[in-house]
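All remarks here apply to the structure that follows.
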Amino acid sequence: MNALEREIKSLVLKTLLAQRGQPMTNDGLKLVIKTVFAHVAFTESDLDGHIKDLEKAGFICGTNDELSGLIWALTSKGELRAKQL
């Protein structure tokens, strides 16, 4: 994992921690990444990959909500890690 990937994943964890247990939409989470890293030309696939890596590692959990679409929240493991950042 390179430095940019670490920064993005840290940002995702910190952003979800700031939600105080409330989930965040997939679009909202991607918008945060795009805003903070405006100098990087991400593809949707890039963004999905960074988020999915965190899900595979057990830090976040995604759920399809029929009203909001895909939403993300921290797992207990993710919350502990986010608090260390």
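Values in this document were obtained by computation on a predicted structure and should not be read as measured data.
A pairwise comparison of heavy atoms in Glu79 and Leu74 identifies CA-CD1, 3.8 Å as the closest pair. Taking all atoms of both residues into account, the shortest heavy-atom contact from Leu16 to Ala73 is CD1-C, 4.2 Å.
In this structure, OG1 on Thr15 lies 7.5 Å from CD1 on Ile33, to the nearest 0.5 angstrom. In this structure, NZ in Lys77 is found 10.5 Å from CG in Leu13, a value given to the nearest 0.5 Å. The distance from atom CD of Gln84 to atom OG of Ser10, rounded to the nearest 0.5 Å, is 11.0 Å. To the nearest 0.5 angstrom, Leu47 atom CG is 9.0 Å from Leu29 atom CG. Rounding to the nearest 0.5 Å gives a distance of 8.0 Å between OG1 of Thr63 and CG of Leu70. Here the straight-line distance linking atom CG of Leu85 with atom CG of Leu11 works out to 10.5 Å at 0.5 Å rounding.
Residues Phe59 and Trp72 are members of one and the same hydrophobic cluster, defined by side-chain heavy-atom contacts under 4.5 angstrom among Ile, Leu, Val, Met, Phe, Trp and Tyr. Note on Leu54: it does not cluster hydrophobically with Leu31, by side-chain heavy-atom contacts below 4.5 Å among ILVMFWY residues. A continuous path of Ile, Leu, Val, Met, Phe, Trp and Tyr side chains, each step under 4.5 Å between heavy atoms, connects Ile60 with Val32, placing both in one hydrophobic cluster.
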Donor-acceptor pairs under 3.5 angstrom involving side-chain atoms of residues 36-46: please list them, not counting sequence neighbours.
unit_1	atom_1	unit_2	atom_2	d
Thr43	OG1	Ser45	N	3.4
Thr43	OG1	Asp46	N	3.0
Thr43	OG1	Asp46	OD1	3.3
Thr43	OG1	Asp46	OD2	3.2
Glu44	OE1	Lys30	NZ	2.8
Glu44	OE2	Lys34	NZ	3.0
Asp46	OD2	Thr43	N	3.0

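In this structure, Thr75 contributes its side chain and Gly58 its backbone to a donor-acceptor pair below 3.5 Å.
Looking only at side-chain heavy atoms (C-beta outward), His50 and Val12 stay at 4.5 Å or farther from each other.
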